[in-house]
Number of protein chains: 2
Amino acid sequence: MDEVFKALADPSRRKLLDLLHENSGQTLASLCTHLDMTRQAVTKHLNLLENANLIATVWHGREKLHYLNPVPIHEIYERWISKYERHRLQALSDLKKHLETPSPEPHGKHEARQQSSASHPSGEPVEHPH
Amino acid sequence: MDEVFKALADPSRRKLLDLLHENSGQTLASLCTHLDMTRQAVTKHLNLLENANLIATVWHGREKLHYLNPVPIHEIYERWISKYERHRLQALSDLKKHLETPSPEPHGKHEARQQSSASHPSGEPVEHPH
DNA sequence: AATATAGGCAACCAAATGGTTGCATGTCAA
DNA sequence: TTGACATGCAACCATTTGGTTGCCTATATT
């Protein structure tokens with residue numbers, strides 16, 4: 001599991017996951033066109049992702065096709081979201097998304113604050129009085 | 001969001017989140033007892049987590065209490081799990097957990113393979129024929 | 001008031017990370 | 001078969017990271 005988090009830590013690798021999420025089965029060369037670095041660097045990133053089991057690959061002739069594997073992400077989710085929080089968080093997230101979409105009625109922005117006191121018994125976090 | 005992933009990349013920081021998940025509102029000193037490093041090092045980790053918005057803090061006299069904030073984790077989840085995969089993944093995960101619990105019937109281990117071909121159009125990933 | 005407790009800040013250091021260049025190998029197409 | 005294409009592997013380098021030590025401040029306790 002450590003490798004999964006390490007893999008997700010880099011923005012280029014996350015971009016690779018995003019690319020595969022919207023377009024499955026791409027080759028190395030294809031992915032390279034979206035990243036501003038050498039092919040070799042991208043290879044390193046892809047290897048890391050593959051070792052972390054975040055992507056699976058299939059060889060097709062001389063082409064290596066890459067696929068996103070969502071399972072590890074789901075396991076991260078399970079680790080720190082207790083079952084009871086899930087519904088609330090999902091509702092929150094859906095609401096946020098709803099508020100973000102350009103709604104037909106041109107109201108003032110609702111200032112969708114997505115977090116603040118999401119789960120804390122003592123209300124708003126308080127600044128250090130030093 | 002970058003800070004969130006960076007924060008999650010380190011095992012010590014993940015352990016801190018685990019500690020706060022099972023016991024909310026701990027002080028720095030309290031958390032230190034579970035990690036094999038100096039207090040200053042733990043402080044650095046906690047600051048990173050706080051900047052990433054993964055924990056919120058409340059000062060209480062000279063004690064700084066730490067709380068887990070699950071929202072960013074949920075956002076990670078939303079990023080790469082398309083809505084249609086969620087049900088299937090949840091079922092898979094539940095099944096895995098079920099198989100892992102010491103069942104009353106002393107069967108042979110079911111060898112709960114949790115991932116393999118979880119979402120790939122081309123079936124089992126294939127090894128490089130080179 | 002004196003002392004112990006809870007925490008912050010800065011300088012320093014070894015190791016890991018993310019990129020590069022250079023070269024080698026296997027596959028397809030003319 | 002020759003050359004272009006798709007990818008792999010290794011050495012190297014600058015920066016970031018994760019830890020240390022040393023010292024300072026603020027709040028409790030006696």
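Quick caveat, the model's predicted, so the values are computed rather than measured. Throughout, protein chains are lettered first and strands after them, A, B, ... in sequence-line order, and every chain is numbered starting at 1.
Contact annotation: B/T38 side-chain N/O to D/dG22 OP1/OP2 distance is not under 4.0 Å. Taking side-chain N and O atoms only, B/T27 has no distance below 4.0 Å to OP1 or OP2 of C/dT5. When the side-chain nitrogen and oxygen atoms of B/T43 are compared with OP1 and OP2 of C/dG7, none of them lie within a distance under 4.0 Å.
Distance CZ (A/F5) to C1' (D/dT17): 18 Å, rounded to an integer number of Å. The separation between B/M37 atom CE and D/dT17 atom P is 16 Å, rounded to whole Å. The CD-C1' distance, from A/E63 to C/dT27, rounds to 10 Å in whole Å. The distance between atom NE2 of A/H45 and atom P of C/dT17, rounded to the nearest whole Å, is 12 Å. Rounded to an integer number of Å, the gap from B/D36 CG to D/dG18 P is 17 Å. The distance between atom CG of A/D2 and atom P of D/dG18, rounded to the nearest whole Å, is 11 Å. Distance NE2 (A/H60) to C1' (D/dT7): 16 Å, rounded to an integer number of Å. Regarding B/R39, its CZ atom lies at a distance of 14 Å from the C1' atom of D/dG19, rounded to whole Å.
Nearest-nucleotide positions on DNA chain C for A/Q40 and B/H66 put B/H66 closer to the 5' end.
Residues B/W80 and A/L8 meet the side-chain proximity criterion, which asks for heavy atoms closer than 4.5 Å. The shortest side-chain heavy-atom distance between A/I76 and A/M1 falls under the 4.5 Å cut-off.
The distance from the SG atom of A/C32 to the CD atom of A/Q40 is 8.5 Å, given to the nearest 0.5 Å.
Using a 4.0 Å heavy-atom distance criterion, A/A41 is classed as a base contact. Using a 4.0 Å heavy-atom cutoff across all strands shown, A/K44 reaches at least one base atom of the nucleic acid.
When hydrophobic clusters are built by joining Ile, Leu, Val, Met, Phe, Trp and Tyr residues whose side-chain heavy atoms come closer than 4.5 Å, directly or via intermediates, A/L16 is grouped together with A/F5.
Between the B/R13 side chain and the B/H45 main chain, no donor and acceptor come within less than 3.5 Å of each other.
Side-chain proximity of B/L28 to D/dG8, C/dG8, C/dG18: nearest is C/dG8.
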Check: Given the rule in the side chain to side chain contact (heavy atoms under 4.5 Å, CB included) test, do A/E3 and A/L48 qualify, once you have shown the distances and angles that lead to the verdict?
Finding: CA-CA 8 Å; A/E3 289 178 302; A/L48 257 166; over 6 Å; no
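With axes fitted over five pairs at each extremity, the angle between the ends of the helix from C/dA1-D/dT30 to C/dA30-D/dT1 is 30° (10° resolution).
A/Q90 and B/H74 share a donor-acceptor pair across their side chains, judged by distance under 3.5 Å alone.
Between the side chain of B/R62 and the base of C/dT5, at least one donor-acceptor pair of N or O atoms lies under 3.5 Å.
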